[in-house]
Amino acid sequence: MFRKPLSPMNQRRVQNFRNNRRGYWSLWLFMILFILSLFAELIANDKPLLVHYDNSFYYPVAVDYSELEFGGEFDTFADYKDPYIQELIEAQGGWMIWPLIRFSYNTINLDLPTPAPSAPTGENLLGTDDQGRDVLARVIYGFRISVLFAITLTLTSSVIGVAAGAVQGYYGGKVDLLFQRFIEIWSGLPTLFLLIILASIVEPNFWWLLGIMLLFSWMQLVDVVRAEFLRGRNLEYVRAARALGLNNRLIMFRHILPNAMVATLTFMPFIFNGSLVTLTALDFLGFGLPPGSASLGEMVAQGKANLHAPWLGITAFVSLATMLTLLIFIGEAVRDAFDPRKALND
C-alpha cells in the first residue's frame with residue numbers, strides 16, 4: 001500500500017514542529033522514557049528474566065513457578081533471591097539472568113545496611129523509602145502508570161468534549177443554551193470534595209479514578225470546539241453542503257471538525273500535563289491509587305514525611321520536574337506548529 005502524502009499545510013506544520021528544536025527533542029526523549037517504562041518488568045523485577053535448571057528453561061517474569069519445581073520443600077511461589085533457592089538451582093548446574101534492577105516496585109529489601117529509609121547504595125541506586133522499597137524501581141513503575149493514566153484520560157475526555165462542543169456550536173439555540181447552563185452547574189461542583197467523600201466509601205483504583213476524573217475533565221475543550229462550530233456553521237462551503245442535501249452529521253464531522261481540531265490538538269498536550277498533576281496531587285493527599293501502588297505522588301508525600309532522607313524528595317522533584325518540563329516543551333512546539341502566523345511566514 002502507498003502512503004498518502006501530507007498536504008502542503010500539514011507539511012508546513014510538521015516542519016514548524018521540527019524547527020522548534022527544544023520541543024522536537026523533548027518529544028523524542030519523552031517517547032524513549034515512556035517506551036522503556038512499558039517494559040518495566042524487564043528492567044526492574046525481583047524475579048529473573050530466565051532460569052536454566054535441569055536442562056530446562058523457565059521464565060519467572062511471565063510465569064509463577066512453585067518452589068517444588070526447583071527441588072524445594074514447600075508448594076509456594078519460589079523466592080529467587082533466597083540463597084536456598086539459588087543453591088538448589090546452582091546444584092544442578094543451573095543459572096539465572098536477572099534484570100538490571102533486582103527489585104520490583106513493591107519489593108522490600110530485608111538486607112539494608114541501615115534502617116529504612118536507607119541512603120543510596122550500589123544495590124539501591126536511589127536508596128529506599130521508609131518501607132525498604134527500591135526508589136528507582138518505584139520511579140520507573142510510577143512514571144508508567146502516571147503517563148498511561150494521563151493518556152487515557154486525555155483521549156477519552158477529548159472525545160467527549162469535542163462531541164459536546166460540536167453539538168452545541170452547530171445546532172445553537174436552545175440546545176446551546178441548555179448545554180451551557182448544565183456546564184455552568186456541573187463545573188461548579190467541588191471535584192476534590194467529591195473524591196474525598198467517594199474515597200471513604202469505595203477503595204479507589206486506576207479505573208475508578210479515571211471514571212471520576214472523566215466526569216469533570218471533558219469540559220476543558222467544550223468552549224474551544226463550540227466557538228469553532230459557531231463560526232464554521234455560517235461559512236459559505238457549509239451552507240453549500242447543506243443546500244446540496246448533506247446531512248448534519250457529515251457536515252459536522254467532515255467539513256467543520258477538521259478546522260476545530262486545530263485548536264483541540266493545540267490544547268491537548270496541556271490537558272495531558274494537567275491530568276498528570278491531578279493524579280500526583282491526589283496520590284500526595286492519599287485519595288489516589290491504592291496504598292502500595294507505584295506512585296510519584298506517594299513519593300512526594302514520603303519526601304515530605306522523611307526530611308532526614310533528602311534522596312526521597314530530590315528524586316520525586318527531579319522525576320516530576322523532568323516529566324512536566326518535557327511535556328510543556330512538547331506543548332509549545334505543537335502550538336507553534338498550528339500557529340497560522342508561523343505557517344504564513346514560511
Side-chain angles (χ1 to χ4, degrees), residues 31-149 151 203 205-207 289-296 298-299 302 309 311-312 315 319:
M31 291 301 298
I32 290 172
L33 294 175
F34 177 56
I35 291 172
L36 288 176
S37 71
L38 292 177
F39 301 94
E41 286 80 6
L42 303 180
I43 299 173
N45 209 318
D46 56 1
K47 299 176 182 178
L49 301 177
L50 179 65
V51 174
H52 181 263
Y53 173 80
D54 195 20
N55 296 323
S56 298
F57 288 99
Y58 298 84
Y59 308 93
V61 170
V63 181
D64 289 323
Y65 296 105
S66 168
E67 185 178 307
L68 299 176
E69 294 277 353
F70 306 103
E73 299 178 357
F74 301 102
D75 189 13
T76 58
F77 293 139
D79 181 5
Y80 301 93
K81 302 187 73 173
D82 187 347
Y84 173 68
I85 299 298
Q86 294 179 2
E87 290 176 3
L88 289 175
I89 294 174
E90 293 173 359
Q92 297 293 327
W95 43 264
M96 295 183 288
I97 298 179
W98 285 89
L100 294 174
I101 303 169
R102 298 190 180 190
F103 299 93
S104 185
Y105 70 91
N106 57 357
T107 305
I108 297 176
N109 189 350
L110 301 176
D111 299 320
L112 294 174
T114 58
S118 178
T121 62
E123 187 178 23
N124 303 107
L125 297 179
L126 294 181
T128 65
D129 61 10
D130 56 9
Q131 298 182 37
R133 300 170 299 189
D134 186 76
V135 172
L136 181 55
R138 292 185 65 77
V139 168
I140 296 173
Y141 282 87
F143 177 85
R144 179 177 67 178
I145 196 170
S146 297
V147 174
L148 289 176
F149 180 89
I151 290 175
E203 182 180 358
N205 55 45
F206 181 94
W207 298 109
L289 297 172
S293 301
S295 165
L296 298 179
E298 193 257 353
M299 190 176 299
Q302 289 224 12
W311 56 88
L312 294 175
T315 301
S319 301

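The two residues P290 and N205 make their nearest non-hydrogen contact at CD-CA, 3.9 Å. Here the closest heavy-atom approach between residue L68 and residue E73 is recorded as CD2-C, 3.8 Å. Annotation for A44 and P99: closest pair N-CB, 4.3 Å, computed over non-hydrogen atoms. Of all heavy-atom pairs between Y141 and S104, the closest is OH-OG, 3.7 Å. Across all their heavy atoms, L50 and Y59 have their closest contact at CD1-CE2, 3.4 Å. When all heavy atoms are compared, the tightest approach of W311 to P117 is CZ2-O, 3.4 Å.
Taken from CG in L126 to CZ in R138, the straight-line distance is 13.0 Å, to the nearest 0.5 Å. To the nearest 0.5 Å, atoms CD (E41) and CD1 (I140) are separated by 10.5 Å. Between L136 atom CG and T315 atom OG1 the span is 8.5 Å, to the nearest 0.5 Å. A distance of 9.0 Å separates OG1 in T128 from CZ in F103, rounded to the nearest 0.5 Å.
Each of D134, L112, N124, N109 was checked for a side chain to side chain contact (heavy atoms under 4.5 Å, CB included) with S118, and the lone residue meeting it is L112.
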Q: Tell me, with the steps shown, if R133 and Q302 meet side chain to side chain contact (heavy atoms under 4.5 Å, CB included).
A: CA-CA 12 Å; R133 300 170 299 189; Q302 289 224 12; 3.3 Å; yes
Q. Can you list the steps and then say if Y53 with E69 is a side chain to side chain contact (heavy atoms under 4.5 Å, CB included)?
A. CA-CA 9 Å; Y53 173 80; E69 294 277 353; over 6 Å; no
Q: Please step through side chain to side chain contact (heavy atoms under 4.5 Å, CB included) for the pair F70 and V51, ending with a clear verdict.
A: CA-CA 10 Å; F70 306 103; V51 174; 3.9 Å; yes
Q.
Checking M299 against D129 for the side chain to side chain contact (heavy atoms under 4.5 Å, CB included) test, could you report, in this order, the C-alpha distance in whole Å, the side-chain angles of both residues, the deciding distance, and whether it holds?
A. CA-CA 8 Å; M299 190 176 299; D129 61 10; over 6 Å; no
If you look only at distance, which donor and acceptor atoms sit under 3.5 Å apart when one is on a side chain in residues 87-97 and the other is two or more places apart or in another chain?
none

Considering only distance and modelled atom types, tabulate donor-acceptor pairs under 3.5 Å from the side chains of residues 74-81, sequence neighbours left out.
from: D75; atom 1: OD1; to: S66; atom 2: OG; distance (Å): 3.0
from: D79; atom 1: OD1; to: K81; atom 2: N; distance (Å): 3.3
from: K81; atom 1: NZ; to: R102; atom 2: O; distance (Å): 3.0

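In this structure, the side chain of D54 does not engage the main chain of S56 through any donor-acceptor pair within 3.5 Å.
By the 4.5 Å heavy-atom criterion applied to side chains, F34 and S37 are counted as neighbours. Between V147 and L33, the closest side-chain pair of non-hydrogen atoms is not below 4.5 Å.
No more than 12 heavy atoms of other residues, nucleotides or ligands shown are found within 6.0 angstrom of OH on Y105.
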